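One structure below.
Everything numeric here is computed off the predicted structure, so don't read it as measured data. Here is how names work: the chains are called A, B, and so on, in the same order as the sequence lines, proteins then strands, and each is numbered from 1.
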Amino acid sequence: MEKLEQKKAETKVGTYELIHVCKQTGARLGRLHLAHGIVETPIFMPVGTQATVKSLTPDELKEDVKAPIILSNTYHLYLRPGHELIKQCGGLHKFMNWDRNILTDSGGFQVFSLSGLRKITEEGVQFQSHIDGSRHFISPEKAMEIQNALGSDIMMCFDECTPYPSTYDYTKKSMERTSRWAKRCLDSHERKEEQALFGIVQGGMFKDLREQSAKDLVALDFPGYAVGGLSVGEPKELMLEVLEQTTPLLPENKARYLMGVGTPDYLIEAVLRGIDMCDCVLPTRLARNGTAMTSVGKVIIKNKKYELDQSPIDASCDCYCCKNYTKAYLRHLFKANEILGARLFSVHNLRFLTRLMENVREAIKEDRLMDFRNEFYEKYGYEK
RNA sequence: GGGAAGUUGCCCGAGUGGCUAAAGGGGACAGACUGUAAAUCUGCUAGCGUACGCUUACCAUGGUUCGAAUCCAUGACUUCCCA
C-alpha cells in the first residue's frame, strides 16, 4: 500500500498511460494521472465556465453524472470574481467545492468568440470586458499566472482559435504566433509539479500548417496536446479530415484532447481518430434550452407530441432524471419555465455523454468499437 | 333612473380616413445551439395558393365617402361614477 502511494506520488501529473488499443479501430483506452485523481480515457468533460457547471451541484456531477474532471475558464474567472480572490479563498477546487480534477481553458476561445471586443498583437490580446466594457490585457504569461492562481489540474496554453473560414496567410501567421505563445506559456508556468500544461495545435484547415503546429509544440514536450480550431463552423467531413490528419502527428505516449466537441457522433468519430478527451458546452446548453440527447436521437421536449407521454427521456438511461420523471412532466417544466427542467436535463445530457464514453471504453477494451459505433448510429438515426 | 368610457386577430394591446391582413407584448407551434457574452436566439401564428395573388376580417346592422378598424345612426354587451 505504501509502495502504491509512493508510486502515485512519483507519477508526474499529466502522465498518460496507454492501456489498450482497439484492434478493430486503433482507438485508445488509457489513464491520465492528475493531481485530483486518475481519469480513464476516452473521456467527455462537462464545462463549468464560471466555476460552476450551470445549474448542477458538485454532488450531482459526482453521483449522477459520474464526472471525474470538469472544465473551467481563465478569462471568465479572471474578470469575475478575479483569480487573486479565488487564490485567497483557497484555490478553485475549494472555492467551488469540487475535489476532483479541473481543466482550465486559457481564454484562447474567448479571443475567437469575443472577436468584436479584442485586438491581437504579438505580446498578447487586448480585451474589452463583455461585462462592463473595461479594458484588459491577457498575454501568455498572464494566462499562466491566472491558471497558476486558480490551481487547475490541467492548464491550457494561451492560443488563438483561428476562425473558419480564414485565409492561408492569416492562419499561418496566427498558428506561428500560437507556437511562440506556447513557448512563453511553458517558460512562465510556475507549478509544473501540480499542474499539467497542455499545448494546443492550430493551423486551421490546412494540412501543412497543422503539421508545422504539431511539430512546434511536440518540440516543446508538453505533457499533453489539444487539437484546437475545429468545430468552429466548418463542415463535419472537413473537420474529421483535419482531425484524422492531425492526431497521428502527436506523440502516442501523451493525452490528446479535442477541444469543443460534444455531439455523440463527433465524440465517437474523434475517439476513432485517436482522441482521448473532449469537452463541450453543448449538453448543458441544450439542456437549458429544452433539448435532450438520447440513444434514439435528440428530443425537443416542448414538442406537442410529448404532451401526454408517460415514458422517460431515455429508457436505457440510468440517470436521476430518467429514473424518476416522464416526458409529459418534463415538458410541463420547460413550458412553465421552471428551473428544475434545466437541472434535470443537464443531469441527463451529461450522464448520457459520460455513459456513452463509458460504453466506448468498454468497446475499445473488447476490440469492437466499430461495431459499437455502427449499432449506436443505427439507433440514433445517423447515416454511417 | 342619470352620466362617462369602452368593444381590434388565441389573449393583452397600439392604431382615429388611403402607406393596415392591422405595431408591440404574451401564448401556441416549429427550429437552431459544439474549448458558454446563451434558462438564449430564430421562424411562424385568418383561409386558399409555390408565388404575383385572391377571399374573408377590427361587436352587429345600416349609412357617409372614390376609399372606413378609423366618421355618423341605431342596437347589443362591458366597466366606472352619481342616485
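- Distance, A:Asp105 CG to B:U36 P: 5 Å, rounded to whole Å.
- Between B:C82 and B:A46, the distance separating the two C1' atoms is 44 Å to the nearest Å.
- One hydrophobic cluster, built from ILVMFWY side chains closer than 4.5 Å, holds both A:Leu230 and A:Tyr164.
- Side-chain atoms of A:Ser113 and base atoms of B:U36 include no donor and acceptor less than 3.5 Å apart.
- Across B:C80 and B:G13, the matching P atoms stand 15 Å from one another, rounded to whole Å.
- With both ends at atom P, the span from B:A57 to B:A21 equals 14 Å, rounded to whole Å.
- B:G35 atom P lies 15 Å from atom CG of A:Leu243, rounded to whole Å.
- Nearest heavy atom pair, residue A:Arg135 against residue A:Gln126, reads CB-OE1, 3.8 Å.
- A:Leu230 comes within contact range of no nucleotide atom at all, as no heavy-atom separation falls under 4.0 Å.
- Nucleic acid contact for A:Ser129: none, since no nucleic acid atom lies under 4.0 Å from a heavy atom of the residue.
- Nucleotide B:A37 holds its C1' atom 15 Å from the CG atom of A:Leu77, rounded to whole Å.
- Atom C1' of nucleotide B:A37 and atom CZ of A:Phe127 are separated by 12 Å, given to the nearest angstrom.
- Between A:His130 and A:Tyr75, the ring centre distance stays below 6.0 Å.
- A:Asp169 has no carboxylate O lying under 4.0 Å from a charged side-chain N of A:Lys173, or vice versa, which leaves the two without a salt bridge.
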Side-chain donor-acceptor contacts of residues 214-229 of chain A below 3.5 Å, not counting sequence neighbours, with atom names and distances?
{"from": "A:Asp216", "atom 1": "OD1", "to": "A:Gln212", "atom 2": "NE2", "distance (Å)": "2.7"}
{"from": "A:Asp216", "atom 1": "OD2", "to": "A:Ser179", "atom 2": "OG", "distance (Å)": "2.8"}
{"from": "A:Asp221", "atom 1": "OD1", "to": "A:Lys254", "atom 2": "NZ", "distance (Å)": "2.7"}
{"from": "A:Tyr225", "atom 1": "OH", "to": "A:Leu217", "atom 2": "O", "distance (Å)": "3.3"}
{"from": "A:Tyr225", "atom 1": "OH", "to": "A:Phe222", "atom 2": "N", "distance (Å)": "2.9"}

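- Residue-level contact check: A:Arg118 touches neither bases nor backbone, having no heavy atom under 4.0 Å from any strand.
- Base engagement by A:Gln202 is indicated by at least one non-hydrogen atom pair under 4.0 Å involving a base atom.
- In the hydrophobic clustering of this structure, A:Val13 does not group with A:Met45; members are Ile, Leu, Val, Met, Phe, Trp, Tyr whose side-chain heavy atoms approach within less than 4.5 Å, directly or through other members.
- Checked by distance alone, A:Asn73 brings no side-chain donor or acceptor within 3.5 Å of a matching partner on the base of B:G35.
- For A:Ile300 and B:A28, the CD1 to P distance is 15 Å, given to the nearest whole Å.
- The side chain of A:Arg285 places an N or O atom within less than 4.0 Å of a non-bridging phosphate oxygen (OP1 or OP2) of B:U34.
- For B:A4, the paired nucleotide is B:U79, the pair qualifying as Watson-Crick or G-U wobble because both relevant distances are below 3.5 Å.
- Using cut-offs of 30° and 60° for the angle between ring planes, the A:Phe345 and A:Phe334 rings count as tilted.
- Distances were taken from every side-chain heavy atom of A:Cys161 (C-beta onward) to each of B:A39, B:G31, B:G35; the shortest belongs to B:G35.
- Base pairing analysis places B:U40 opposite B:A32; the two distances defining the Watson-Crick or G-U wobble pair are each below 3.5 Å.
- Of the side-chain N and O atoms in A:Lys302, none sit less than 4.0 angstrom from OP1 or OP2 of B:G31.
- Counting non-hydrogen atoms under 4.0 angstrom, A:Gly107 reaches nothing in the nucleic acid.
- Electrostatic pairing of A:Asp265 and A:Lys236 counts as a salt bridge here, judged by a charged N lying under 4.0 Å from a carboxylate O.
- An OP1 or OP2 oxygen of B:A37 is reached within less than 4.0 angstrom by a side-chain nitrogen or oxygen of A:Gln110.
- Pairing of B:G18, defined by two Watson-Crick or G-U wobble distances under 3.5 Å, is identified with B:C66.
- Of the candidates B:C33, B:U36, B:U34, the closest approach to any side-chain atom of A:Cys280 belongs to B:U34.
- The gap from the P atom of B:C71 to that of B:G25 amounts to 27 Å, rounded to the nearest Å.
- To the nearest angstrom, C1' of B:A37 lies 14 Å from CZ of A:Phe112.
- Comparing A:Gly229 and A:Gln50 against RNA chain B, the residue whose closest nucleotide sits nearer the 5' end is A:Gly229.
- Taking the nucleotide of RNA chain B with the nearest heavy atom to each of A:Ile339 and A:Thr49, the more 5' of the two is matched to A:Thr49.
- In terms of phosphate contacts, A:Ser231 brings no side-chain nitrogen or oxygen within less than 4.0 Å of OP1 or OP2 of B:U34.
- Nucleotides B:C59 and B:U70, compared at atom C1', are 15 Å apart to the nearest Å.
- When distances run from any side-chain atom of A:Asn303 to the nucleotides B:U40, B:A37, B:G31, the shortest one goes to B:G31.
- Taking atom P on both nucleotides, B:G18 is separated from B:G26 by 29 Å, rounded to a whole Å.
- Pair check for B:A73 finds B:U61; Watson-Crick or G-U wobble, both atom distances under 3.5 Å.
- Nucleotide B:C48 forms a pair with B:G53, judged by Watson-Crick or G-U wobble geometry with both contacts under 3.5 Å.
- Residue A:Leu114 places its side chain closer to B:A37 than to any other of B:A37, B:A32, B:U34.
- The side chain of A:Ser106 approaches B:G35 more closely than any other nucleotide in the set B:A39, B:U36, B:G35.
- One C1' atom belongs to B:U45, the other to B:C11, and the distance between them is 13 Å to the nearest Å.
- Distances were taken from every side-chain heavy atom of A:Thr284 (C-beta onward) to each of B:A37, B:U36, B:A39; the shortest belongs to B:U36.
- Counting any heavy atom pair closer than 4.0 Å across all strands shown, A:Lys305 reaches no nucleic acid atom.
- Here B:U36 presents its C1' atom at 13 Å from CG of A:Leu350, a figure rounded to the nearest Å.
- Atom C1' of nucleotide B:C33 and atom CZ of A:Arg288 are separated by 10 Å, given to the nearest angstrom.
- Aromatic ring pairs are classed by plane angle as parallel below 30°, tilted from 30° to 60° and perpendicular above 60°; the pair A:His136 and A:Tyr78 is perpendicular.
- B:A22 and B:G75 have their C1' atoms separated by 27 Å, given to the nearest Å.
- Of the candidates B:A37, B:U40, B:U34, the closest approach to any side-chain atom of A:Asn289 belongs to B:U40.
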